[in-house]
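These values consider heavy atoms only, across backbone and side chains, with no hydrogens, waters or symmetry-generated copies. Proteins get letters first, then strands, A, B, ... in listed order; numbering begins at 1 in each.
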Number of protein chains: 2
Amino acid sequence: MQSCRFAFAVHVMAVLASGKSDCCPSSRLAQTVNTNPVVIRRLLIELQDAGLISTFRGPHGGAVLKRKPEKVTLREIHSAVDQGNVFGTHPNEPSQECPVGKRIGKVMLRIQNRANRALERELEKMTLADVLRELRKG
Amino acid sequence: MQSCRFAFAVHVMAVLASGKSDCCPSSRLAQTVNTNPVVIRRLLIELQDAGLISTFRGPHGGAVLKRKPEKVTLREIHSAVDQGNVFGTHPNEPSQECPVGKRIGKVMLRIQNRANRALERELEKMTLADVLRELRKG
DNA sequence: TTAAAAAGTAACAAAGTCTGTTACAAATCA
DNA sequence: TGATTTGTAACAGACTTTGTTACTTTTTAA
């Protein structure tokens, strides 16, 4: 299966950005995403490490955005929660006796890098503010 | 983990393209990729369905390219063996009571489509002939 | 006609990943 | 001091992926 962490993260960030409340606890985020609070907290840690949010403990604690939605790109959210490879590589080393097998690894790495960067470029074009606009449009 | 099918498929196509032999059996392909012949045969079926190769049974059977390497893009190879979503969506339906949860699905679909298309555009720029050139360069 | 070689296919095992869950420790506030 | 919330560890269940075995079907050639 594919990971849904990016979808969860965009959802969480959108809720925080449309925030009527200052601090949103993981329990509330979990309700709207429809998952377990621990799943959300694990996400929040990654978003926090990426500098996108802050979290606070204790009563009235929770998560808040550190930046305005216009200043948060989807690339930042993506790279915060998803390790960045679009597709996988050979799990076992190919035959070093075959001229293709001997060098395919390096070539695949270049292809991977180009694919990763293309994805990042596209995600860089979209901000959390764009997501909010789309949400309002319906 | 991520699927390595695309890497395997590019490897296989490169071997077929650099083909000293007309027909390459799955057993030989499996050797250079370093995996099991059945894994290769499953790939070959998908490449065949995509119109990129032909396979033949019986002695001296195996796989052959149907087109010249210059006419095969990496996008074609990719879409032949990888279902085309860069990242996953919510496994459980989000809360329909939350204004974000209610509409995030559609918005994520648009984001997904843009990401998928960006990846395809990049892979479309590279052909199997480019891969062969890179392999020779080292 | 028969034997050998190859793809096609089904069934299953093993490993890994991912989400979800429970439980508890640490921190914070009233 | 007690309530609330994050942080964190441990584990279960489901799913995906690769690899493996075994068998059928097709094809070639002796």
Side-chain angles (χ1 to χ4, degrees), chain A residues 1-9 11-12 16 21-49 52-64 66 81-95, chain B residues 1-9 11-12 16 21-49 52-64 66 81-95:
Chain A
M1 201 192 358
Q2 288 172 107
S3 170
C4 60
R5 277 200 293 264
F6 178 57
F8 279 8
H11 189 156
V12 162
L16 295 182
S21 52
D22 278 349
C23 238
C24 191
S26 63
S27 55
R28 184 141 26 115
L29 293 169
Q31 273 190 333
T32 168
V33 174
N34 190 13
T35 183
N36 191 287
V38 174
V39 173
I40 297 295
R41 290 206 285 273
R42 289 196 285 236
L43 266 186
L44 294 180
I45 289 171
E46 300 185 281
L47 294 169
Q48 193 171 30
D49 288 346
L52 301 179
I53 65 168
S54 296
T55 63
F56 300 97
R57 295 183 172 193
H60 312 301
V64 283
K66 285 185 79 171
V81 302
D82 247 50
Q83 67 170 24
N85 276 329
V86 174
F87 36 71
T89 50
H90 291 61
N92 312 313
E93 184 178 71
S95 164
Chain B
M1 197 193 4
Q2 291 172 107
S3 169
C4 61
R5 275 199 295 262
F6 178 57
F8 279 9
H11 189 156
V12 162
L16 295 183
S21 52
D22 278 347
C23 238
C24 192
S26 64
S27 56
R28 185 139 28 112
L29 293 169
Q31 273 190 333
T32 168
V33 173
N34 190 15
T35 184
N36 190 288
V38 175
V39 173
I40 298 296
R41 290 205 285 271
R42 289 196 284 235
L43 266 186
L44 294 181
I45 289 172
E46 299 185 282
L47 294 169
Q48 193 172 27
D49 288 346
L52 301 179
I53 65 169
S54 296
T55 64
F56 300 96
R57 295 182 170 193
H60 312 300
V64 282
K66 283 185 81 170
V81 301
D82 246 49
Q83 68 170 25
N85 276 330
V86 173
F87 36 71
T89 49
H90 293 61
N92 313 314
E93 185 178 72
S95 164

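Under 4.0 angstrom from either OP1 or OP2 of C:dT17 there lies no side-chain N or O belonging to A:S3. OP1 or OP2 of D:dG7 lies within a sub-4.0 Å distance of a side-chain N or O belonging to A:Q48. An OP1 or OP2 oxygen of C:dA7 is reached within less than 4.0 angstrom by a side-chain nitrogen or oxygen of B:S26. Within the 4.0 Å cut-off from OP1 or OP2 of D:dG7, at least one side-chain nitrogen or oxygen of A:T55 is found. For the OP1/OP2 pair of D:dT18 and a distance below 4.0 Å, the side-chain nitrogens and oxygens of A:N92 include no atom meeting the criterion.
At the heavy-atom level, B:L44 lies nowhere under 4.0 Å from the strands shown.
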Take B:N34 and A:S95, measure what side chain to side chain contact (heavy atoms under 4.5 Å, CB included) needs, and give me the verdict at the end. CA-CA 6 Å; B:N34 190 15; A:S95 164; 5.7 Å; no
Mind running side chain to side chain contact (heavy atoms under 4.5 Å, CB included) on A:S54 and A:K66 for me, showing each step along the way? CA-CA 6 Å; A:S54 296; A:K66 285 185 79 171; 3.2 Å; yes
Taking it one step at a time, do A:L29 and A:L16 satisfy side chain to side chain contact (heavy atoms under 4.5 Å, CB included)? CA-CA 9 Å; A:L29 293 169; A:L16 295 182; 4.2 Å; yes
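As rounded to whole Å, 15 Å separates atom C1' of D:dG19 from atom NE2 of A:H90. In this structure, the CG atom of B:L47 is 11 Å from the P atom of C:dG8, given to the nearest Å. Residue A:Q2 contributes atom CD, which lies 11 Å from atom C1' of D:dT16 at whole-angstrom precision. Put simply, CZ on B:R28 is 14 Å from P on C:dA5, counting in whole angstrom units. One interatomic measurement links the two molecules: CZ of B:F87 to P of D:dT16, which rounds to 19 Å at whole-angstrom precision. Computed from coordinates, the A:R5 CZ to C:dG20 C1' distance equals 13 Å when rounded to whole Å. Rounded to whole Å, atom C1' of D:dT17 lies 18 Å from atom CZ of B:F6. As a whole-Å value, the separation of B:I40 CD1 from D:dT18 P is 11 Å.
Over its full length, the helix from C:dT1-D:dA30 to C:dA30-D:dT1 turns its helical axis through 10°, comparing axes from the five pairs at each end and rounding to 10°.
With sequence neighbours excluded, the residues forming a ring pair (Phe, Tyr, Trp, His ring centres under 6.0 Å) with B:F87 are A:F6, A:H78, listed by chain and number.
The structure places NE2 of B:H90 at 9.5 Å from OG1 of A:T35, a figure rounded to the nearest 0.5 Å. Here CG of B:L44 is found 12.5 Å from CZ of B:F8. Values are rounded to the nearest 0.5 Å.
Contact record, A:A9 with A:L43: N-CD1, 3.8 Å, taken as the closest heavy-atom pair. Between A:T55 and A:Q48, the shortest heavy-atom contact is OG1-NE2, 2.8 Å. Pairing each heavy atom of A:S27 with each of A:P37, the nearest pair is CA-CG, 4.3 Å.
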I need a per-nucleotide contact map over nucleotides 20-30 of chain D, read 5' to 3'. Cutoff is protein heavy atoms under 4.0 Å; write B for the base, S for backbone only, - otherwise. BBB--BBBB--
